[in-house]
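These notes are about the structure you will find just below.
Convention: sequence-line order gives letters A, B, ...; per-chain numbering from 1. These values consider heavy atoms only, across backbone and side chains, with no hydrogens, waters or symmetry-generated copies.
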Number of protein chains: 2
Amino acid sequence: MTAQLDEEKTLSDKASARLTQAIITGELVQGQKLSEADLATRFGISRGPLREAIRQLEGLGLVTRVPHAGARVVTLNDDTMRNLYQVREALEGFACRMAAQHMTDDEIKKLRTLLNEHEMQIDASAGQAYYQSEGDLDFHFQIALGSRNQMLIDLLAGELYQLLRMCRYRTSNLANRTRLALQQHHQILDAIANRDADLAEMLMRRHISGAWKSISQMMETS
Amino acid sequence: MTAQLDEEKTLSDKASARLTQAIITGELVQGQKLSEADLATRFGISRGPLREAIRQLEGLGLVTRVPHAGARVVTLNDDTMRNLYQVREALEGFACRMAAQHMTDDEIKKLRTLLNEHEMQIDASAGQAYYQSEGDLDFHFQIALGSRNQMLIDLLAGELYQLLRMCRYRTSNLANRTRLALQQHHQILDAIANRDADLAEMLMRRHISGAWKSISQMMETS
DNA sequence: TTGCTCCAAATTGTTGACAATCAATCCAAG
DNA sequence: CTTGGATTGATTGTCAACAATTTGGAGCAA
């Protein structure tokens, strides 16, 4: 989505982006301690900017820091993942309600086109998890944009988005729900097109809580 | 609530707390530029810890920073305030739903007692805005705790809470709704006590959206 | 007067050295 | 053998100097 390459402005920002990437992809394991000296040398920068980057990631909830004892990558246990999906249920449900009120007909049409493209990609790649995930995130991001609420957009596309990608990486493609998800996306978009805010919110909530049920089932059986 | 005095651990944390306080109380005006040198000397610390504090506040959404041009206090215009109240409507409504499912009977009883105390304080202080605000925040905080969702608690008691206090400070006691608010609090608690999650969520949503309507009306007439 | 160029001052970004704190180890006393 | 405490090592926190970038204005030409 926003794939800003290596040309950020400051070293702190570069380090922040690199750390985020490393945490999401699992290059830095959950709960791992972040050694300032180690990371600074690995990134080829001084400890100053690195510390600022860590402070920023702390504000974003990706690391936890205890004074004089260092920072650790946040650990996503079952509880925090359940919490995350619940918060998403609340926020994305509400975003969906707002989107039903504010999205233009043109935006809705384009989003429908996007869903159809996703469908074709799924047919072509026969269930490769990558397209599934990216397509799913795309749809949810467009809904967030449709809410016309910048704070909501920042929350969903920022902190929660990063954590969600960590979850996705951890649970990999445990549950292959791409067909069902796509169908539900269409239903949600139908509700939005009909300007039925109540229904749109309810469907999005079910979509997300259903995803969580599926994931938690898969996890406890494995 | 959490009135941690001057004994934080590190200078960065102290500076962070002091900056937050200064921003909320309006000592630092909205949109004002944060000069590192100036603040560092005022706080009696070096620029290093101060920069870390600013980075942290950036992550919390209290300041906006543009590379090589400095950080500014976030500005709360009507749009962002509306956005804030909408996000609260979504999150606190959901928290209320969870609270109806998870709060113990004992917690509910204590919360009822708290509301009664608030009522007496209001009678005694005859509408002093301070008690109104603090009491209101107390109730909402307890509801958040009742959700048993730590992420929700962190959001509501952290970033959103600070922004809300900024709003309260800015709009002062424009709308004296303490009586009405207290009555609605009782109704919400009734719904929770009856374990009626749907009603509890709906009432909390109306409570918050009503508060926003009242505030925005007051603002456009002034 | 207007607009441009270029310079300089002020501010932010970065660094390496120094101080403070915590954790583990080792030694000695009971 | 255990326990208590001091010591040492590593890691985090802090500082002041240095480098890089932006911004504002002085100077000059059209």
Check whether any side-chain nitrogen or oxygen of [X] sits under 4.0 Å from OP1 or OP2 of [N], and answer yes or no.
X       : N      : result
A:Lys9  : D:dT22 : no
B:Arg65 : C:dT11 : no
A:Ser12 : C:dT14 : yes
A:Ser35 : D:dT11 : no
A:Arg47 : C:dG13 : no

With nearest nucleotides of DNA chain C determined for A:Pro67 and B:Val66 from heavy-atom distances, which residue corresponds to the more 5′ nucleotide? B:Val66

Closest to the 5' end of DNA chain C, once A:Ala69 and A:Gly44 are matched to their nearest nucleotides, is A:Gly44

Taking the six-membered ring of A:Tyr85, is NZ or CZ of A:Arg88 closer than 6.0 Å to its centre and within 45° of its axis? yes

May I have the distance from [X] (atom [atom1]) to [N] (atom [atom2]), rounded to whole angstrom?
X       : N      : atom1 : atom2 : result
A:Asp13 : C:dT12 : CG    : P     : 15 Å
B:Phe43 : D:dC15 : CZ    : C1'   : 18 Å
B:Lys33 : C:dT11 : NZ    : C1'   : 6 Å
B:Leu50 : C:dT11 : CG    : P     : 14 Å
A:Ile45 : C:dT14 : CD1   : C1'   : 10 Å
B:Arg51 : D:dG13 : CZ    : C1'   : 16 Å
A:Glu36 : D:dA10 : CD    : C1'   : 12 Å
A:Glu52 : D:dT12 : CD    : C1'   : 15 Å

Using a heavy-atom cut-off of under 4.0 Å over every strand shown, decide if A:Leu34 touches base, sugar-phosphate, or nothing. sugar-phosphate

Name the nucleic acid region contacted by B:Gly48, choosing base, sugar-phosphate or nothing; use a 4.0 angstrom heavy-atom cut-off, strictly under. nothing

So that I can tick it off, tell me whether B:Lys109 and B:Asp105 are bridged by a salt bridge, with the cut-off set at under 4.0 angstrom between side-chain N and carboxylate O. no

Less than 4.5 Å apart, any side-chain heavy atom of B:Met204 and any of B:His140?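 The answer is yes; the side chains approach within 4.5 Å.
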
Measure up the A:His207 and A:His185 rings against each other and bin them: parallel (under 30°), tilted (30 to 60°), perpendicular (over 60°).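 Because their plane-to-plane angle is over 60°, the rings of A:His207 and A:His185 count as perpendicular.
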
Under 3.5 Å, is there a donor-acceptor pair between the side chain of B:Gln30 and the main chain of B:Leu76? yes

